[in-house]
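Working notes, structure below.
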Amino acid sequence: KTNNLVCTAWGDDIKTNTKNILKNFFIKKLLKKAKIITTDSYEMKNLIFNVDTNTKNKVQIINFGIDTAHFSKKQYSSKMEMKLKLQYFRNHLKIISLRNHDKTYDIKTLILSVKKLVDTNIKVLCLIYGSGSETNNLKKITKDLNLQKNIFFMGRYQQDELPYIFSIIDCYVSTSLSDAGISASTAEAMSCELPSISSNNSDNNLWIEHGKTGFLFENKNVDQLTDILSNLKDFNLSKIGSESRKIILKRNDYYNEMEKVKSIYQDIIK
């Protein structure tokens, strides 16, 4: 038995599990017993308060954070380019997706956007990393649209290689229909000064200011996403990348965020 319970609420805990009567019962008990509840999202903070109004003074925003020293801008890596066999795509718009292949991440929207780019004679290459329940379906859509030369399914990636992969990419895209706080992969791309394009839901607009620290489009809006990708060249992408890193350094550095957690623990055991 403990009197010093600290809970961390994830997106699915509150957004999905509270719809289940049994799970909702246990969530309410945990929230009531907890001295401190941490979450990485203001949206989540409000949802927690809706579950239990007595949590108002318990909830603290702690971002999960990333290693901003590791995730920093690298020089164009010809070595990585050769490893990925992309040396013949230098004159292409190169896009990367890192979200899992489940329906909530809506990678189909990205594929449909690539199709529109190809149909307007824009040279484009999209690297889709990750896996999931939708992988086979996404591959089928790609084949049906005759995009095998434009979309490559890359499987898993190594965290230590990711900044060097980013170095040869023009932009990162997240089509997720729902997030809690900023997703780890979005934060990693922004920290590496890679122009990042994200669906405008949850807290994403608190991290990305359209046209300044990245770009936003409405959920499932293929035309909006296509328009952003088509016109990337009209923006100062170097400045956008630099500004996006500043946001991550200020609000999502792992070591800074863990210092906040340390202070929480020290306060409750005094």
Side-chain angles (χ1 to χ4, degrees), residues 66 68-81 84 86-99 107 109-111 113-118 120-129 150-152 154 157 161-176 179 182-200 203-218 221-253:
I66 62 167
T68 55
H70 173 66
F71 288 102
S72 58
K73 186 174 182 178
K74 310 300 181 189
Q75 293 295 317
Y76 193 98
S77 175
S78 298
K79 182 178 179 181
M80 183 58 66
E81 182 183 63
L84 299 181
L86 300 183
Q87 60 269 34
Y88 302 112
F89 294 92
R90 284 195 174 182
N91 62 344
H92 286 56
L93 170 65
K94 293 189 287 294
I95 304 165
I96 191 169
S97 169
L98 301 175
R99 308 307 298 267
I107 293 173
T109 287
L110 176 56
I111 294 173
S113 181
V114 171
K115 174 62 175 172
K116 281 182 171 288
L117 292 173
V118 170
T120 55
N121 296 316
I122 292 176
K123 292 182 177 180
V124 58
L125 177 69
C126 182
L127 305 185
I128 296 180
Y129 282 87
N150 304 96
I151 296 177
F152 297 165
M154 308 296 290
Y157 60 88
E161 292 186 343
L162 194 52
Y164 301 96
I165 297 174
F166 285 155
S167 79
I168 62 172
I169 299 296
D170 296 305
C171 65
Y172 159 95
V173 173
S174 170
T175 48
S176 178
D179 288 304
I182 189 172
S183 76
S185 59
T186 302
E188 289 161 358
M190 291 175 68
S191 187
C192 289
E193 303 186 32
L194 183 65
S196 299
I197 305 166
S198 179
S199 43
N200 190 7
D203 281 2
N204 288 335
N205 64 350
L206 300 180
W207 294 92
I208 296 176
E209 183 179 347
H210 186 78
K212 183 176 180 181
T213 60
F215 303 90
L216 296 167
F217 66 97
E218 298 306 314
N221 195 319
V222 176
D223 289 337
Q224 276 190 9
L225 176 56
T226 305
D227 185 62
I228 292 168
L229 291 167
S230 299
N231 294 292
L232 273 181
K233 61 184 180 300
D234 296 333
F235 290 85
N236 185 337
L237 298 181
S238 178
K239 185 174 182 181
I240 287 174
S242 175
E243 291 298 316
S244 69
R245 178 167 170 81
K246 289 178 184 177
I247 293 291
I248 301 303
L249 286 172
K250 182 178 179 180
R251 296 170 49 199
N252 204 43
D253 178 84

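Not measured: the values here are computed from a predicted model. Counting from 1, the numbers follow the sequence of the chain as shown.
Under the 4.5 Å side-chain criterion, counting only non-hydrogen atoms from C-beta, Phe217 is in contact with Thr175. Between Ile95 and Asp170, the closest side-chain pair of non-hydrogen atoms is not below 4.5 Å. Side-chain contact check for Asn150 versus Cys126: every heavy-atom pair is 4.5 Å or farther apart. Under the 4.5 Å side-chain criterion, counting only non-hydrogen atoms from C-beta, Met154 is not in contact with Ile165. Side-chain contact between Phe71 and Ile248 is absent, with no heavy-atom pair separated by less than 4.5 Å. Taking the side chain as every heavy atom from C-beta outward, Tyr164 and Lys79 never approach each other to under 4.5 Å. Side-chain contact check for Leu86 versus Leu127: some heavy-atom pair is nearer than 4.5 Å. Ile168 places a side-chain heavy atom less than 4.5 Å from the side chain of Leu84.
A pairwise comparison of heavy atoms in Leu194 and Cys171 identifies CD1-N, 3.8 Å as the closest pair. Pairing each heavy atom of Phe89 with each of Leu125, the nearest pair is CG-CD2, 3.7 Å. Minimum heavy-atom separation, Ile208 to Ser196: CD1-O, 4.3 Å. In terms of heavy-atom proximity, Ser77 sits nearest to Ser167 at N-OG, 3.1 Å. Shortest non-hydrogen contact noted between Ile66 and Ala187 is CD1-O, 3.4 Å. In plain terms, the two heavy atoms of Glu188 and Leu162 that are nearest each other are OE1-CD2, 3.5 Å.
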- [ ] Go through the steps for Phe166 and Leu98 under the test side chain to side chain contact (heavy atoms under 4.5 Å, CB included), then give the verdict.
- [x] CA-CA 11 Å; Phe166 285 155; Leu98 301 175; 3.8 Å; yes
- [ ] Take Tyr129 and Ile96, measure what side chain to side chain contact (heavy atoms under 4.5 Å, CB included) needs, and give me the verdict at the end.
- [x] CA-CA 8 Å; Tyr129 282 87; Ile96 191 169; 3.8 Å; yes
- [ ] Check the pair Asn200, His210 against side chain to side chain contact (heavy atoms under 4.5 Å, CB included), reporting the backbone distance first and the verdict last.
- [x] CA-CA 10 Å; Asn200 190 7; His210 186 78; over 6 Å; no
- [ ] Mind running side chain to side chain contact (heavy atoms under 4.5 Å, CB included) on Arg251 and Ile182 for me, showing each step along the way?
- [x] CA-CA 11 Å; Arg251 296 170 49 199; Ile182 189 172; over 6 Å; no
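Heavy-atom neighbours of Lys233 NZ from other residues, nucleotides or ligands within 6.0 Å: above the threshold of 12. At most 12 heavy atoms of other shown residues, nucleotides or ligands fall within 6.0 angstrom of atom CD in Gln75. With a 6.0 Å radius and a threshold of 12 heavy atoms from other residues, nucleotides or ligands, Lys94 has its NZ atom above the threshold.
If you take OG on Ser191 and CD1 on Ile247, they are separated by 12.0 Å, rounding to the nearest 0.5 Å. The line from CG of Leu237 to OG of Ser242 is 12.5 Å long, rounded to the nearest 0.5 Å. Distance check, rounded to the nearest 0.5 Å: CG of Leu117 to CG of Asp227 gives 10.0 Å. Between Asp223 atom CG and Ile228 atom CD1 the span is 11.0 Å, to the nearest 0.5 Å. In this structure, Leu232 CG and Ile240 CD1 are separated by 8.0 Å, a value rounded to the nearest 0.5 Å. Atom CG of Asn236 sits about 13.0 Å away from atom NZ of Lys212, to the nearest 0.5 Å.
Using a distance-only test at 3.5 Å, with no hydrogens or angles considered, a donor-acceptor pair links the side chain of Tyr172 to the main chain of Thr186. Put simply, the side chain of Asp179 never gets that close to the backbone of Asp203: no donor and acceptor are under 3.5 Å apart. In this structure, Arg99 contributes its side chain and Val173 its backbone to no donor-acceptor pair below 3.5 Å.
Under the 3.5 Å distance criterion, with hydrogens and angles disregarded, a donor-acceptor pair is assigned to the side chains of Ser72 and Lys74.
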